[in-house]
Amino acid sequence: MSNGRTYDKYVSRGNIFLEIRHLMKGYDSMTIDEILHRDIEIGNYMDILSRAMNGNTPDNIFVYGQTGIGKSMVTKMVTSQLEADAHKYNINVKTAYINCEAVHTNTGVLKRINSRMLPKSILHKTMNSFDAHFLVFCDIINKFDGIPIIIFDEVDKLSNPDILNIFARIKENDFTDKNICIIGVTNDLKFVEKLDSRTRSVLSKSTIVFSPYTAIQLSDILNQRAKIAFRNNCLSEAVIPLCSAFAAQEHGDARKALDLLRVSGEIAEREGVIVVEEIHVRKAKEHLELDEVKEVIRTLPLQTKLVLASCVYCTSEGASKVLTRDIYNTYKRFSYSTGFETLTQRRVTDLLSMLDMFGIIITEIAHKGRYGRTKEISLNMPHDVTLAVLLDDSALTPLKDIALQKKQAECSLQAFSTI
DNA sequence: CCTCCACAGGAAGCGCAGGAGT
DNA sequence: ACTCCTGCGCTTCCTGTGGAGG
């Protein structure tokens with residue numbers, strides 16, 4: 001017996017992609033020669049790092065640029081190429097790559113560097129402080145016969161950037177007998193300004209700025225990947241230029257462009273067609289934008305979710321715009337029924353401003369004369385989507401009953417009005 | 001023209017949590 | 001294991017706002 005819930009309908013699918021992984025995030029199994037439109041940046045990088053080929057430590061480098069424009073990929077490529085080329089001339093270059101988003105405390109960073117520089121590095125169990133790890137690090141560097149390079153990707157995420165100063169002055173302060181080359185990668189253009197002047201002067205000896213990709217450059221990158229990711233004749237002519245144009249509008253982000261192309265293909269595949277068309281790109285754009293906001297909502301703190309739930313509740317009561325007062329009254333009810341502490345109205349206005357900043361709600365100051373100044377608030381997201389994401393949080397489960405009761409009330413009201 | 005409403009939002013300070021130092 | 005430091009979330013207190021209504 002079949003109830004229609006079988007996998008049969010999926011059999012005919014899979015006609016579009018050849019190897020989807022070439023469009024996936026983090027896919028970088030290319031060679032340095034295959035990287036497109038980063039010739040200037042790669043050239044600058046190689047000029048600075050080339051000193052290592054004569055056995056000298058290169059200057060520290062700071063790399064800037066928006067997200068998705070190839071900073072990390074190029075950095076990894078040029079340093080691994082340097083390791084390989086130096087090896088041919090019996091020069092030892094060793095690179096430790098640290099993503100400061102994943103490891104941001106000083107001790108954590110040192111631990112990671114030590115394990116990269118010397119995988120078998122050991123630390124006495126009773127010693128777990130920064131100093132202990134630092135001593136191990138100095139020991140590794142002193143015994144290492146070559147040029148150490150440490151890459152701090154997303155360096156602005158370091159909880160204490162002073163650690164950069166320690167590395168930069170390690171020889172000057174007699175901790176080791178050799179210098180270290182430090183590469184800091186960031187998309188925060190003001191990061192260097194936040195550093196103290198000593199750290200700044202040592203670290204930003206050389207600077208490489210990555211410029212955003214243009215729409216034409218993005219087209220080239222997409223074409224390069226599409227050739228290996230899609231089957232022949234599966235993309236209509238307009239698809240790649242449109243993906244590139246959309247991504248170019250958003251700071252020339254290649255990651256966005258690739259996502260757009262991949263999701264367009266997935267949507268087309270789901271629809272059971274064999275050619276990706278312009279309409280699929282537009283649907284993919286909407287889908288990705290909605291996904292981004294949904295992710296923001298999912299990661300909001302609980303109190304902010306409660307405030308947002310109040311906005312959803314109030315604006316679904318027929319009024320497209322509601323006032324701060326209404327939101328706050330509903331919020332008080334919600335916080336009571338979920339058992340959370342009730343924040344002050346002052347704090348709630350801050351949370352509303354934050355939701356406005358995220359683009360989840362729209363707020364407008366309304367001067368109502370004698371009736372005071374307030375904010376008019378409307379939801380900038382579909383009600384059902386927002387509610388579904390909010391109710392995914394188990395802490396907000398009690399609100400499910402309120403939403404259900406409301407829905408029932410609306411149905412009975414509708415039934416009443418149709419009589 | 002002045003008053004008043006109902007907040008918005010800045011400033012200062014408190015308490016807590018997590019990381020660093022000892 | 002303890003203390004210190006720092007950042008963050010939050011509160012309280014306060015001033016500013018601009019148009020309706022007297």
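In what follows, every chain begins at residue 1, and chains take the letters A, B, ... in the order their sequences are listed. These numbers were taken from a predicted model, which means no experiment stands behind them.
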Does any part of the side chain of [Y], heavy atoms only, come nearer than 4.5 Å to the side chain of [X], both counted from C-beta?
{"X": "L242(A)", "Y": "K285(A)", "value": "no"}
{"X": "I377(A)", "Y": "D326(A)", "value": "no"}
{"X": "E266(A)", "Y": "I20(A)", "value": "yes"}

Exercise. Got a donor-acceptor pair under 3.5 Å from the side chain of R346(A) to the base of dG10(B)?
Worked result: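 Present.
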Check the distance between [N]'s [atom2] and [X]'s [atom1] and give it to me in whole angstrom.
{"X": "L110(A)", "N": "dG21(B)", "atom1": "CG", "atom2": "C1'", "value": "14 Å"}
{"X": "K375(A)", "N": "dC5(B)", "atom1": "NZ", "atom2": "P", "value": "22 Å"}
{"X": "R325(A)", "N": "dC5(B)", "atom1": "CZ", "atom2": "C1'", "value": "10 Å"}
{"X": "I327(A)", "N": "dA8(B)", "atom1": "CD1", "atom2": "P", "value": "11 Å"}
{"X": "Q345(A)", "N": "dC14(C)", "atom1": "CD", "atom2": "C1'", "value": "15 Å"}
{"X": "L323(A)", "N": "dC5(B)", "atom1": "CG", "atom2": "P", "value": "17 Å"}

Exercise. Which pairs, with at least one residue in residues 143-154 of chain A and sequence neighbours excluded, count as a side chain to side chain donor-acceptor pair (under 3.5 Å)?
Worked result: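 Counting only pairs at least two positions apart or across chains, the side chain to side chain donor-acceptor pair (under 3.5 Å) contacts touching residues 143-154 of chain A are S72(A)-D153(A), Y97(A)-D153(A), D139(A)-K143(A), E154(A)-K157(A).
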For this session: Please say whether the positively charged group of R225(A), taken as NZ for Lys or CZ for Arg, lies over the ring of F230(A), i.e. under 6.0 angstrom from the six-membered ring centre and within 45 degrees of the axis.
Result: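 Ring-cation test returns no.
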Problem set entry | Nucleic acid contacts - residues 360-370 of chain A versus DNA chain C, non-hydrogen atoms under 4.0 Å |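 Listed by number, they are H367(A), G369(A), R370(A).
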Exercise. Going by heavy atoms closer than 4.0 Å, what residues in residues 348-359 of chain A are next to DNA chain C?
Worked result: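 The answer is none.
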Exercise. Taking five pairs at each end of the helix from dC1(B)-dG22(C) to dT22(B)-dA1(C), what angle separates the two helix axes (nearest 10°)?
Worked result: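 That helix gives 10° between its end axes.
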Problem set entry | Distance below 4.0 Å between Y371(A) side-chain N/O and dG21(C) OP1 or OP2 |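 Yes.
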Is any side-chain N of the basic residue among [X] and [Y] closer than 4.0 Å to the acidic one's carboxylate O?
{"X": "K71(A)", "Y": "E41(A)", "value": "no"}
{"X": "D259(A)", "Y": "K256(A)", "value": "no"}
{"X": "E286(A)", "Y": "K283(A)", "value": "no"}

Problem set entry | Pairs flagged by ring pair (Phe, Tyr, Trp, His ring centres under 6.0 Å) wherever residues 142-162 of chain A is involved - sequence neighbours left out |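 Listed by first then second residue: F152(A)-F167(A).
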Report, one pair per line, the protein and nucleotides 2-9 of chain C atoms (nitrogen or oxygen only) whose separation is under 3.5 Å.
none

For this session: Please step through salt bridge (charged side-chain N to carboxylate O under 4.0 Å, His left out) for the pair D59(A) and R51(A), ending with a clear verdict.
Result: CA-CA 9 Å; D59(A) 278 345; R51(A) 279 178 63 177; 3.4 Å; yes
Problem set entry | Evaluation steps, salt bridge (charged side-chain N to carboxylate O under 4.0 Å, His left out), between E376(A) and K368(A) | CA-CA 11 Å; E376(A) 284 183 339; K368(A) 296 198 178 289; 3.4 Å; yes
For this session: Go through F334(A) and F340(A) one step at a time and tell me if the ring-ring contact (aromatic ring centres under 6.0 Å, His included) criterion holds.
Result: CA-CA 8 Å; F334(A) 282 4; F340(A) 291 120; over 10 Å; no
For this session: Using only heavy-atom distances, determine whether the side chains of T342(A) and S335(A) contain a donor-acceptor pair under 3.5 Å.
Result: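 Yes, because at least one side-chain N or O of T342(A) sits under 3.5 Å from a partner of the opposite role on S335(A).
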